[in-house]
Amino acid sequence: MFVSAASEVCSRTSMDYKELLRAGTTKEELNVPIPLMRICVHHIRSCGSVRFIKSKYMSIFDKSAFKFSHQHRLFRTSAISNGQIVQFKLSDIGEGITEVTVKEWYVKEGDSVSQFDSICEVQSDKASVTITSRYDGIIRKLHYNLDEIAYVGKPLVDIETDALKDVASEEDVVETPAVSHEEHTHQEIKGHKTLATPAVRRLAMENNIKLSEVVGTGKDNRILKEDILNYLAKQTGAILPPSPKPEIIPPLPKSETAPAAPKDKGTKIPIPISKPIVFAGKDKTEAVTGFHKAMVKTMTAALKIPHFGYCDEIDLTQLVQLREELKPLAQVRGVKLSFMPFFIKAASLGLLHYPILNASVDENCQNITYKASHNIGVAMDTEQGLIVPNVKNVQVCSVFEIASELNRLLTLGSAGQLGTNDLTGGTFTLSNIGTIGGTYAKPVILPPEVAIGALGKIQVLPRFNGNGEVFKAQIMNVSWSADHRIIDGATMARFSNLWKSYLENPASMLIDLK
Amino acid sequence: MVIPSSLKNCFQLFYVLKISAAGFKYTANRGLILQSVSSDVYQNLAVEDWIHDNMNLENRQVLFLWRNSPTVVIGRHQNPWQECNLKIMRKKNIKLARRRSGGGTVYHDLGNINFTFFTSKKKYERMENLKLVVRALKGLRPQLDVRATDRYDLLLDGNFKISGTAAKLGRTVAYHHCTLLCSADRFILSSVLKSPYKGIKSNATPSMPALVKNLFEEDPTLTCEMVMDAVAAEYARCHQIDHRITLINPADEIVFPGINNKTKELQTWEWIYGKTPKFSISTCFNMVYEQSLLEVKVDIHVKHGRIEVCNIDLPEQWLPPAMCNELEKNLIGSKFCPSETTALASALLRICPQNYELHSKWSLLCENVMTLM
């Protein structure tokens, strides 16, 4: 009967009977003679044991050949197979070292590893050693916890693997390919070694494939078995119809990849098979923590404020000229002069006339507090994200003082060294998004403030002057947002007009400067 | 001509460099001496990574010479909070780097030379390398009292450490690198290598503090260039290779494909701070608020550089418990880093009740908690 035939064959090949039945993961390669395969497959079918045996011959075919047939619902590909558990021992590290400390695990129980993947990092006497796997398989047990002492020659991890062939020898001779055919010595691609396990190299050689022509999709562009199979599938160019029986079909690829023999002359042109586009990217989920979590809270609170927007364009032609004249003066004093100090000072002058824009309301909007200090915040883009340091008491600062304070804040900001004092206490904010780009924006008010302005980039545009002539104007757009519970459109518009007039005609700032 | 694949591997790269020497191709087979033109620690560490990952060192050895601008370099499994004064380093713009080899913390500046000896794993032999350095120094100045200890340090005059060692072993390649103090700034060295942080409990590899001295102090005529040259000459003699130092640019993607990615990785927060083994800080500090002294107890657990557990014990009712809880809750998951904490604390203040007293207490507490970072 089947059972006795199978066991007889198994004993001939000295494999454990149960193992033969159990063998088989999708990564598997079982070098079993064909007649034995047939017997075993039939036995499995009749037993209902659900393992899919793949021989290297069968693997050429699309797995779908076996999936859709009614008779074969018993066959499942399962990653959780009961393969052989190998104890991977800690190999000799050199210099007579016998024990090391385990410092970091790169894998955990249940992870699947490929040969040459990093398993852990151990340390011995100032030497840090990366231990890599000798096997393909699944990690079943870690023998040590972090900071425990591991011993050379004793088991480090248990790996479940089935292919005894996929083992790298103790001597690690895997660097030199087992094959010395001419095409297989060209293993280098641009100074890199082509990474592939001996099993993969053998598969390639047997199918006359040059490793340099195969695109590796494994870690470090390593060529995996799947890559060879995909390459072969491309070569055969045919998707085979599902066959009713899992028959062991003789190695087709060899005959098909053989150079086109003369007798093939006159056959039809092969139909190009469209390869399904495989996108290997994966979604990545991570928790929102730290500063971003705080931003979530702040912005949620901000959007409870009813915003209204008001936009305008400012002609900065005169200011541009003025800044050019003043830049060297500031430079002499060691300060870089940008446009922001002017924008900030003009805003403060405007706030003197419209103090409600420099106010704060309590939670239920029952009380308004008119803030005496104009602490004008400047939005800054840093490594953390958006932070808003503020210049304190702008109402008593000169343009130069504002410029030097801005310099200080910018330097600290880019070094990540701003203190809480610089980041809190703001009463009004300007965001110069134009340095990155854009014209109009819809800024979000930062509580507990009630207004915010976003400045677009300065563009050179044609405009008409008083005489009806076209001239080159330096135009910047401003977009204000304000809390509509206490600020109305008219107030915002008048403030904006005043701010605009100071900037379009900088000399007018002189009259109101304190 | 059939070029053996092992040679082809990386030495095509060096054909790009204009080196004309009849013997070069022959001896390149057995050894190379490289020197970096960069003083950026991350670029130089990336060169080590690149050689480790890409070169076939079965029958070949490489010596790499490099120097860095002021940097503190910690070992693979160390805790920077335990090893150095991050506050001074931030103020003085001294960089922090984590190397891939083990061992302790060192300070690099242009007066310190780094030597990396690359070999196959089988030929990994640290003592031989150190003896080579000692021979080179003695060859330069026979009266120098330099010797190697069994801890792989080099001592000057029997007492002063002038060199520390660390190593990295991979699957087939190993490297051993060591420092050599020629004319480093000892004042800065001792101030940055002393940690001000208290109450740290950690299993990270600790450093062994030692008295140090510069070679320059023993003999002012010595310069870094002379020492590098002497070691290179001795290396060439030992391995019977050309005494020719090849200058390399660690930013060159053509010669070192993929190196800029390695450089970037070494600069990430996740590598430098995030690779710190789990540790906890349990300490207390005093705050002065309006003429009263307050004691605050803090217990923070940090894993992968981020706060996992955070307990702050304040005097009763000094701050509304809800606010204190808010701070603790938001710190969890946040990087153990003063700039992240400042940004976080300031953002949270926006949604707290707007009360001057509360705000100033909160700011005071946060500033103090930040001093632990």
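So that the names make sense, note that chain A is the first sequence line, chain B the second, and so on, each numbered from 1. Everything numeric in this text was worked out from a predicted model, so none of it was measured. Both backbone and side-chain heavy atoms feed into the values below; hydrogens, waters and symmetry mates do not.
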- Task: Test side-chain contact (heavy atoms from CB on, under 4.5 Å) on A:Met299 and B:Ile351 and set out the steps.
- Result: CA-CA 10 Å; A:Met299 288 301 147; B:Ile351 49 177; over 6 Å; no
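- For B:Lys278, no part lies under 4.5 angstrom from a heavy atom of chain A.
- A donor-acceptor contact shorter than 3.5 Å is absent between the side chain of A:Lys126 and the backbone of B:Gly164.
- Side-chain contact of B:Thr205 with A:Gln123: a donor-acceptor pair under 3.5 Å is present, judged by distance alone.
- Interface residues of residues 358-366 of chain A toward chain B, defined by a heavy-atom distance below 4.5 Å: none.
- When heavy atoms are compared at a cutoff of 4.5 Å, A:Ile131 does not approach chain B at all.
- Heavy-atom distances place no part of B:Lys335 under 4.5 Å from chain A, backbone and side chain included.
- Panel note: side chain B:Arg350, backbone A:Pro447; a donor-acceptor pair is recorded below 3.5 Å.
- Listed options A:Asp92, A:Leu146, A:Val122, A:Val129 were ranked by heavy-atom pairs under 4.5 angstrom with chain B; first place goes to A:Val129.
- Atom CD of B:Glu367 is separated from atom CG of A:Asn421 by 7.5 Å, given to the nearest 0.5 angstrom.
- When each of B:Leu348, B:Leu331, B:Asn203, B:Ile307 is checked for heavy-atom pairs under 4.5 Å with chain A, B:Asn203 comes out on top.
- Taking 4.5 Å as the limit, every side-chain heavy atom of B:Leu169 sits out of range of all side-chain heavy atoms of A:Thr130.
- The OG atom of B:Ser202 sits 8.5 Å away from the CG atom of A:Asp147 when rounded to the nearest 0.5 Å.
- Here OG of A:Ser91 is found 5.0 Å from NZ of B:Lys121. Values are rounded to the nearest 0.5 Å.
- Among B:Arg99, B:His77, B:Arg100, the one residue that satisfies the side chain to side chain donor-acceptor pair (under 3.5 Å) test with A:Ser128 is B:His77.
- Counting non-hydrogen atoms of other residues, nucleotides and ligands closer than 6.0 Å to NZ of A:Lys392 gives a total above 12.
- A:Gly290 and B:Glu340 get closest at one heavy-atom pair: CA-OE2, 3.8 Å.
- Options A:Lys293, A:Met295, A:Lys297 differ in how many heavy-atom pairs under 4.5 Å they form with chain B, and the most are formed by A:Lys297.
- Interface residue B:Arg90: backbone and side-chain heavy atoms are both found under 4.5 Å from chain A.
- Counting heavy-atom pairs closer than 4.5 Å to chain B, the top residue among A:Thr424, A:Thr420, A:Thr289 is A:Thr420.
- Nearest heavy-atom pair, A:Thr298 versus B:Ala347, reported as atom, atom and distance to 0.1 Å: OG1-O, 3.5 Å.
- In terms of heavy-atom pairs under 4.5 angstrom with chain B, the leader among A:Pro448, A:Gly416, A:Ala301 is A:Pro448.
- Put simply, CZ on A:Phe291 and OG on B:Ser346 are 8.5 Å apart, with the number rounded to the nearest 0.5 Å.
- At most 12 non-hydrogen atoms from other residues, nucleotides or ligands lie less than 6.0 angstrom from NZ of B:Lys91.
- Comparing B:Pro277, B:Gly333, B:Ala167 by how many heavy-atom pairs each has under 4.5 Å with chain A, the most go to B:Ala167.
- Put simply, the side chain of B:Tyr152 reaches to within 4.5 Å of the side chain of A:Asp125, judged on heavy atoms.
- When heavy atoms are compared at a cutoff of 4.5 Å, B:Arg306 approaches chain A solely by way of its side chain, counted from C-beta outward.
- Residue contact with chain B, scored on non-hydrogen atoms closer than 4.5 Å, involves the side chain of A:Ile387 exclusively.
- Contact count versus chain B (heavy atoms, under 4.5 Å) is highest, among A:His292, A:Glu449, A:Glu121, for A:Glu121.
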